[in-house]
Asker: 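Would you mind keeping the following structure in view while I ask a few things?
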Amino acid sequence: MEIFHEMKKYQTNKSGNITQMSIPLKPNDDGMVGRECPNTDCILKYFQIGQSIPDEFLKNGNNLSDSNITCPYCGHVDHFQKFHSEDHKKWIESMIHRDMAITIQNMLQNTVKGFKSSSNSGFSCSMSFKPGPLPNVRYYTEEKLKRKVICDNCGFQYAVYGISFHCPFCGKGNLQIHLTRNVEITRVLIEESIKLQSEQMDVAQRMIGNALEDVVGIFEGFHKNIYVYGIHHKFSKEDADKKEERIKVTFQRLDGAQKLMLTDLQYDIFSSISNEDRLFLEEQFLKRHVLTHNLGLVDEKYLEKANYYSKQGSELEILPADVSRALEIVTSIVGRTSQHIIIEK
């Protein structure tokens with residue numbers, strides 16, 4: 001008796017009661033196929049991988065379906081076949097349910113065909129079977145991920161939410177790719193603000209202010225993600241979750257970020273920069289705070305912490321050169337922090 005019907009086209013081998021199948025997954029418009037990390041502690045889980053395999057891998061006679069890959073978020077390494085997404089599983093399960101329903105209907109149909117009525121005692125009986133509707137196949141659509149990455153180590157292409165710490169293919173750290181892209185965008189803002197200074201000063205000031213906020217955002221966002229990655233690799237899930245809940249806006253403050261990283265991960269994020277650069281960065285972070293929370297007008301709190309004289313109520317002066325310098329310092333700090341904390345696979 002045939003068990004598989006519509007799925008029979010995927011059958012590759014059958015030995016006794018064991019049937020092997022190869023079911024191709026349909027890529028999205030970008031040629032990407034979704035995968036999901038099997039690590040229950042991984043938060044984001046879902047990512048996508050390209051269909052083009054690096055030549056070096058193929059030269060060695062490797063087969064991706066029989067290899068291990070790495071979760072780009074948590075770094076979990078496991079067999080390629082363990083990384084199927086929930087949508088893929090539900091799609092395959094729905095096809096199995098549909099084939100099972102066809103099998104059952106066929107069995108009932110054959111049973112009815114073999115039934116013979118008898119009328120010896122004046123009583124007759126007949127039986128018929130009308131197949132009901134079959135279960136629908138639950139098709140899937142891959143999510144649209146905007147952040148596409150090409151590994152600078154092996155050339156493999158993949159897509160993620162936000163940022164990734166590892167290439168799924170070679171396992172190497174790829175955080176620098178995301179950092180570089182963010183830095184490039186911020187540099188564009190700085191350059192454009194300089195071009196507009198002579199004709200549209202208000203627009204130029206707004207743009208350089210946005211660039212300064214981006215600098216702080218790069219420092220905060222990358223250090224927060226690196227910290228979360230680090231504590232989840234060092235502590236139990238329960239302890240790591242508690243530490244993560246206490247982060248709040250800690251990484252918007254240089255001293256707060258330094259203390260947290262030093263206490264939990266034993267790394268001083270400012271060990272590679274001079275005291276002069278540290279003080280300069282403090283000044284820029286203070287300016288960003290006033291810009292964000294007081295419309296760029298100097299307040300009493302700023303005057304208490306600033307290293308130079310400014311009149312309360314006056315408008316802050318934000319210079320493109322200062323923002324550029326702050327960006328370079330932050331880029332250097334984040335780069336060194338990622339090298340120290342991220343575990344190469």
Asker: In plain terms, say whether Lys243 and Asp239 are close enough for a salt bridge, that is, a side-chain N and a carboxylate O under 4.0 Å apart.
Answerer: no
Asker: Give the ring-plane orientation class for Phe47 versus Tyr73, where under 30° counts as parallel, over 60° as perpendicular and anything between as tilted.
Answerer: perpendicular
Asker: For Glu192, check side chain to side chain donor-acceptor pair (under 3.5 Å) against everything at least two apart and list the hits.
Answerer: Lys195
Asker: If you compare all heavy atoms of Pro320 against all heavy atoms of Ile194, which two are closest, and at what distance to 0.1 Å?
Answerer: CB-CG1, 3.7 Å
Asker: In Å and rounded to the nearest 0.5 Å, what is the CD1 to CG distance from Ile341 to Leu265?
Answerer: 4.5 Å
Asker: Checking side-chain polar atoms at under 3.5 Å, does His88 have a donor or acceptor matched by the opposite partner on Glu36?
Answerer: no
Asker: Around Lys259, counting heavy atoms of other residues, nucleotides and ligands shown, do more than 12 lie under 6.0 Å from its NZ?
Answerer: no
Asker: Give a yes or no on whether Tyr10 and Ile102 share a hydrophobic cluster (residues Ile, Leu, Val, Met, Phe, Trp, Tyr; joining criterion: side-chain heavy atoms under 4.5 Å apart).
Answerer: no
Asker: Can you name the nearest heavy-atom pair linking Thr103 to His5, along with the distance?
Answerer: OG1-NE2, 2.9 Å
Asker: Can you name the nearest heavy-atom pair linking Thr186 to Ala211, along with the distance?
Answerer: CG2-O, 3.7 Å
Asker: Between Glu276 and Arg325, is there a side-chain N and carboxylate O pair less than 4.0 Å apart?
Answerer: yes
Asker: Would you say Tyr140 and Glu86 are linked by a side-chain donor-acceptor pair, where the criterion is simply a distance under 3.5 Å?
Answerer: no
Asker: Please walk me through it: do Ile333 and Leu281 pass side chain to side chain contact (heavy atoms under 4.5 Å, CB included)?
Answerer: CA-CA 11 Å; Ile333 294 171; Leu281 210 54; 3.9 Å; yes
Asker: Hey, is the main chain of Glu143 close enough, under 3.5 Å, to the side chain of Gln48 for a donor-acceptor pair?
Answerer: yes
Asker: Salt bridge check: are Arg181 and Glu184 linked by an N-O gap of less than 4.0 Å?
Answerer: yes
Asker: Output yes when Glu283 and Lys287 qualify as a salt bridge under the 4.0 Å nitrogen-oxygen rule, no when they do not.
Answerer: no
Asker: Please report the closest heavy-atom contact between Ser22 and Thr12, naming both atoms and the distance.
Answerer: CB-CG2, 3.6 Å
Asker: Strictly under 6.0 Å, is that where the ring centroids of Tyr158 and His166 end up?
Answerer: no
Asker: For a quick test of reading the model, state the closest non-hydrogen atom pair linking Asp30 to Lys144 and the distance between them.
Answerer: OD2-NZ, 3.2 Å
Asker: For the residue pair Pro131 and Gln109, what are the closest heavy atoms and their distance?
Answerer: CG-OE1, 3.9 Å
